[in-house]
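Just below is one structure, and these are the notes that go with it.
Chain naming here is simple, since letters A, B, ... match the order of the sequence lines and numbering starts at 1 in each. Values in this document were obtained by computation on a predicted structure and should not be read as measured data.
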Number of protein chains: 4
Amino acid sequence: MPSDTDRCAQPQRRSIGARRNPETEAAILTAAQELVEEKGLRGLTMEAVAKRARAGKATLYKWWPSRGALLVALYHASKGEHRHTDLGSLPETIAGFYSYVFGFWQTPAGRLFPLIIAEAQSNEDVADALQDYRQERLADLTALVSRAQARGELVADTDSEALADLIMANAWMHLMTGRIAVTDPAKLAHDVLRGWCLPDGSSA
Amino acid sequence: MPSDTDRCAQPQRRSIGARRNPETEAAILTAAQELVEEKGLRGLTMEAVAKRARAGKATLYKWWPSRGALLVALYHASKGEHRHTDLGSLPETIAGFYSYVFGFWQTPAGRLFPLIIAEAQSNEDVADALQDYRQERLADLTALVSRAQARGELVADTDSEALADLIMANAWMHLMTGRIAVTDPAKLAHDVLRGWCLPDGSSA
Amino acid sequence: MPSDTDRCAQPQRRSIGARRNPETEAAILTAAQELVEEKGLRGLTMEAVAKRARAGKATLYKWWPSRGALLVALYHASKGEHRHTDLGSLPETIAGFYSYVFGFWQTPAGRLFPLIIAEAQSNEDVADALQDYRQERLADLTALVSRAQARGELVADTDSEALADLIMANAWMHLMTGRIAVTDPAKLAHDVLRGWCLPDGSSA
Amino acid sequence: MPSDTDRCAQPQRRSIGARRNPETEAAILTAAQELVEEKGLRGLTMEAVAKRARAGKATLYKWWPSRGALLVALYHASKGEHRHTDLGSLPETIAGFYSYVFGFWQTPAGRLFPLIIAEAQSNEDVADALQDYRQERLADLTALVSRAQARGELVADTDSEALADLIMANAWMHLMTGRIAVTDPAKLAHDVLRGWCLPDGSSA
DNA sequence: GCTTAATCGAGACGGTACGTCCGGTCTTCTG
DNA sequence: CAGAAGACCGGACGTACCGTCTCGATTAAGC
């Protein structure tokens with residue numbers, strides 16, 4: 001069984017002086033990603049990351065002062081800059097949103113997300129980072145809802161942010177309870193929007 | 001100087017034969033609960049629980065093979081058998097529901113819940129236990145929604161289980177993102193139900 | 001991998017009333033012997049013996065109150081009642097003695113002996129049992145030496161017990177230092193007796 | 001009530017970089033020695049040594065992978081570099097040898113020796129270390145015997161190494177059977193050499 | 001025949017020590 | 001002076017036995 005330290009083919013990185021070495025950073029993030037993919041979150045230990053990345057533990061702690069910080073960095077590094085597109089009608093748009101995130105959460109990078117939520121329950125740093133991320137995504141969703149509202153798709157006094165929050169809550173709930181692979185995004189969007197959407201042509 | 005072996009000041013619990021000793025079980029759950037209350041969740045280590053309960057570690061692992069299993073047992077032992085009451089109108093009922101669960105989740109016992117959800121993300125057993133618990137609560141909620149539907153409070157084709165799921169998702173979302181202490185349950189219930197509730201007296 | 005508890009083919013032994021069950025005793029000694037042969041002394045735990053013998057731990061402790069006691073019983077049960085024979089001349093007799101014991105110490109039963117000596121260093125009970133055994137064997141050897149002395153084979157003022165002790169010490173030394181398989185018994189006997197044996201025909 | 005985390009009253013030892021810290025090694029050996037002196041050999045557990053030395057258990061296991069290894073190190077650290085002196089005649093010299101070793105084996109450090117022999121019966125590493133030690137001591141003894149032989153004290157064809165082995169075997173035998181405190185070294189030396197020593201003035 | 005007493009397998013129990021693992025801090029040495 | 005390397009202390013992990021105990025079934029001997 002080859003050990004993690006058998007990866008000595010490439011020459012070890014040297015210091016590049018009194019500056020942060022981007023090679024080292026990349027090696028660390030790559031190593032961390034690989035470890036999570038191979039062994040799950042339990043395999044993501046500072047020790048193992050340092051060894052696989054051929055980096056010193058002090059170097060790790062210098063930039064990512066805790067395991068949680070590394071986790072968040074990892075997620076940020078691997079998530080795309082996806083902006084959800086408006087497909088014309090809100091149910092279709094939200095179905096597209098669910099479809100996209102459920103898909104992403106099933107990729108290696110996306111599989112980190114529930115773990116980050118989990119970690120956030122007992123780690124302040126991660127909780128903060130998660131909160132930021134959520135706000136960002138929420139703004140994105142709220143914009144989509146508002147646009148539909150402007151088009152007259154929704155009941156008159158809809159609070160677009162509350163609805164966006166609800167849409168996101170539904171996605172997270174399905175994630176946390178392991179149902180993202182078995183739920184139909186279109187049905188889910190339909191159910192969540194049922195009460196809010198006016199019948200076609202009924203706009204004031 | 002007390003010797004290293006001056007144990008057994010108070011009489012220790014004895015075996016009751018080749019059967020599980022309920023005294024021991026109680027002592028362990030009590031010790032675990034105390035530890036969580038005193039030192040938070042980081043203080044809930046198998047080691048500490050065993051020491052405080054004056055129980056052997058092997059005994060702990062025999063009945064609760066993991067920290068997660070202990071967590072779930074703890075939660076089950078301390079949660080009441082609360083059944084949410086129908087307050088006549090759905091918004092009020094759901095406001096009461098949110099009010100109750102947000103309150104409970106801020107008690108020492110309730111604070112275990114987000115940790116259980118977190119644990120479930122990487123622990124099959126806990127995930128299963130959580131799933132069972134969720135189904136139970138969902139049925140409870142669904143019944144409340146159905147009753148309101150029968151009263152004609154909701155739009156005609158409401159899927160009561162989907163709505164119940166949504167209501168619960170909203171609660172969980174607020175829990176996972178640390179907003180249960182700052183959110184008004186009535187406002188939350190109002191927002192979540194906005195689209196589904198018919199205006200008073202508008203039932204067919 | 002079959003566990004020790006797969007041996008449920010035969011019906012378990014029952015009590016035969018208020019008397020010691022010889023079947024049980026035999027099963028325990030057999031199980032103990034097998035465990036030592038299969039896994040070495042480290043495998044001889046009270047727990048494992050009880051399990052393999054399908055006996056209760058209390059039964060074990062009733063008759064053999066310690067691991068050391070079991071070890072000694074085991075050795076006594078398996079050693080033969082060998083009496084070393086006088087082959088006419090002392091060097092030959094002692095060569096025969098070395099040959100026999102070195103052979104025996106290489107059988108499964110004999111391999112227990114160094115372990116008993118080892119155990120005796122930190123276990124009073126075993127030390128006592130070992131002492132008794134040594135005295136027994138020493139008397140045997142002393143008799144052989146005395147007979148040779150009577151035949152005039154030895155220097156006049158030989159202390160036969162001291163010489164017997166020396167002969168035995170040499171055997172034990174070879175055992176403890178792992179040389180019984182590589183030493184020629186005849187050469188050993190010759191060396192140990194070199195000083196004491198008179199040349200042939202030189203007897204007074 | 002002192003918190004569970006009020007550690008570090010006295011300053012702990014720090015790392016000295018990626019090299020073995022001699023302070024730590026010394027602290028561990030000292031702690032081990034003290035434990036043996038205070039509580040006997042049963043008190044020499046890795047756990048207790050680590051705790052008393054304020055060392056991590058991992059550090060212990062890194063340098064001394066087993067209790068046996070620690071035992072050997074302890075013995076080597078505490079035995080002096082004694083060279084047995086030639087007192088002019090072999091019986092006197094050997095009497096001195098027995099006297100010295102029996103004395104040493106009754107000191108705290110010396111009491112480790114039978115345990116090392118015991119450990120060697122089931123631990124390869126210890127067996128090797130013991131073998132080396134025995135060879136060293138045997139060479140020492142053989143030299144003494146050879147000198148006596150050169151002086152014409154011994155029968156002509158004496159195998160000095162075989163005799164030295166015998167002398168040592170006798171010492172070990174007395175050690176293993178708990179007789180070092182009750183045996184007269186001079187008598188023992190006399191008995192062991194009886195056959196080999198020529199009467200005074202009888203050398204060829 | 002009925003009671004009594006001892007013995008049986010089973011295994012739970014409180015403990016102790018094991019040997020492993022990781023967290024987070026530190027120091028040295030290499031470029 | 002950044003960085004690789006890795007030693008260090010602390011402490012939780014999960015496992016393995018120890019020796020004690022209680023249970024309920026079983027059976028011989030004493031009444």
Side-chain angles (χ1 to χ4, degrees), chain A residues 12-21 23-24 42 45-48 50-51 53-62 65-67, chain B residues 4-5 7-8 12-21 23-24 27 42 45-48 50-51 53-63 65-67, chain C residues 5 12-21 23-24 42 45-48 50-51 53-63 65-67, chain D residues 4-5 7-8 12-21 23-24 45-48 50-51 53-63 65-67:
Chain A
Q12 71 172 70
R13 284 178 309 284
R14 300 287 177 194
S15 166
I16 59 169
R19 295 192 329 269
R20 179 161 164 171
N21 188 340
E23 267 186 67
T24 297
R42 306 284 297 197
T45 66
M46 299 300 257
E47 199 104 20
K51 189 150 274 180
R54 301 187 56 75
K57 282 173 68 173
T59 308
L60 239 74
Y61 279 102
K62 189 182 214 4
S66 71
R67 191 169 167 275
Chain B
D4 280 6
T5 48
R7 44 194 133 117
C8 299
Q12 66 177 66
R13 283 180 308 284
R14 304 258 176 219
S15 165
I16 58 165
R19 293 186 341 258
R20 181 162 176 171
N21 188 341
E23 271 184 63
T24 295
R42 309 281 298 199
T45 64
M46 299 300 255
E47 196 104 17
K51 185 155 283 178
R54 300 188 58 76
K57 283 173 64 176
T59 306
L60 240 76
Y61 280 102
K62 182 170 192 55
W63 302 116
S66 70
R67 190 173 172 273
Chain C
T5 47
Q12 70 173 69
R13 285 176 309 284
R14 301 280 175 198
S15 167
I16 57 169
R19 295 192 335 264
R20 177 162 167 172
N21 187 341
E23 268 186 65
T24 296
R42 306 283 297 199
T45 65
M46 299 300 256
E47 199 103 19
K51 189 148 272 180
R54 300 187 55 75
K57 285 173 65 176
T59 308
L60 240 75
Y61 280 102
K62 188 182 220 354
W63 294 327
S66 72
R67 190 168 168 274
Chain D
D4 280 7
T5 47
R7 44 195 133 114
C8 298
Q12 66 177 68
R13 284 181 307 284
R14 303 264 178 213
S15 165
I16 57 166
R19 288 181 350 251
R20 182 163 177 169
N21 188 342
E23 270 184 63
T24 295
T45 66
M46 298 300 255
E47 196 105 16
K51 184 155 284 180
R54 299 187 60 77
K57 283 173 65 176
T59 306
L60 239 75
Y61 280 102
K62 182 172 191 56
W63 302 116
S66 68
R67 190 172 174 272

Taking every non-hydrogen atom, the tightest pair across [X] and [Y]:
| X | Y | value |
| --- | --- | --- |
| A:T24 | A:A55 | CG2-CB, 4.5 Å |
| B:G17 | B:S15 | N-OG, 2.9 Å |
| C:A50 | C:K57 | CB-CG, 3.9 Å |

Considering only [options], which nucleotide approaches the side chain of [X] most closely?
| X | options | value |
| --- | --- | --- |
| C:Y61 | F:dT20, E:dG15, F:dC9 | F:dT20 |
| C:W63 | E:dG14, E:dT7, F:dA7 | E:dT7 |
| C:M46 | E:dC13, F:dC18, F:dA5 | F:dC18 |
| A:R54 | F:dC18, F:dA5, E:dC18 | F:dA5 |
| A:T59 | F:dC8, F:dC9, F:dA4 | F:dA4 |
| B:R19 | F:dC21, F:dG24, F:dG10 | F:dG24 |

Classify the nucleic acid contact of C:S66 as base, sugar-phosphate or nothing, counting any heavy atom under 4.0 Å across all strands shown.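 Touches nothing.
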Just call it for C:A58: base, sugar-phosphate, or nothing, with non-hydrogen atoms closer than 4.0 Å on any strand. base
Does CZ belonging to B:R20 count more than 12 external heavy atoms closer than 6.0 Å? yes
Select from D:I16 and A:G56 the residue whose nearest nucleotide in DNA chain F is closer to the 5' end of that strand.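 Looking at the nearest nucleotide for each, A:G56 comes out on the 5' side.
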I want to confirm an ordering. Mapping B:A48 and D:A53 to their closest nucleotides on DNA chain F, which one lands closer to the 5' end?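 By nearest-heavy-atom nucleotide position, the 5'-most residue is D:A53.
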Mind calculating the distance between [atom1] ([X]) and [atom2] ([N]) to the nearest angstrom?
| X | N | atom1 | atom2 | value |
| --- | --- | --- | --- | --- |
| D:R14 | F:dC9 | CZ | C1' | 9 Å |
| C:R67 | F:dC18 | CZ | P | 7 Å |
| B:R42 | F:dG10 | CZ | C1' | 14 Å |
| D:L60 | F:dA7 | CG | P | 15 Å |
| C:K51 | E:dG11 | NZ | P | 7 Å |
| C:N21 | F:dA28 | CG | P | 11 Å |
| D:E47 | E:dG15 | CD | C1' | 12 Å |
| C:K62 | E:dA10 | NZ | C1' | 16 Å |

Quick check against the 3.5 Å criterion: does D:R13 have a side-chain atom that pairs as donor or acceptor with the backbone of D:R54? yes
Five pairs per end, C1' atoms only: what is the angle between the end axes of the helix from E:dG1-F:dC31 to E:dG31-F:dC1, to 10 degrees?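 Computed from the C1' atoms at both ends, the axes differ by 10°.
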Does a nitrogen or oxygen in the side chain of A:T24 sit under 4.0 Å from OP1 or OP2 of F:dA4? yes
Per the atom types in the model, does the base of E:dG15 pair as donor or acceptor with the side chain of B:K57 at under 3.5 Å?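 Looking at the base of E:dG15, it does not pair with any donor or acceptor on the side chain of B:K57 (distance under 3.5 Å).
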So how far is it from C:E47 CD to C:L60 CG, rounded to the nearest 0.5 Å? 10.5 Å
Nearest-0.5 Å distance, CD1 of residue B:I16 to CD of residue B:E23: 8.0 Å
Taking the nucleotide of DNA chain E with the nearest heavy atom to each, does B:R20 or D:T45 sit closer to the 5' end? B:R20
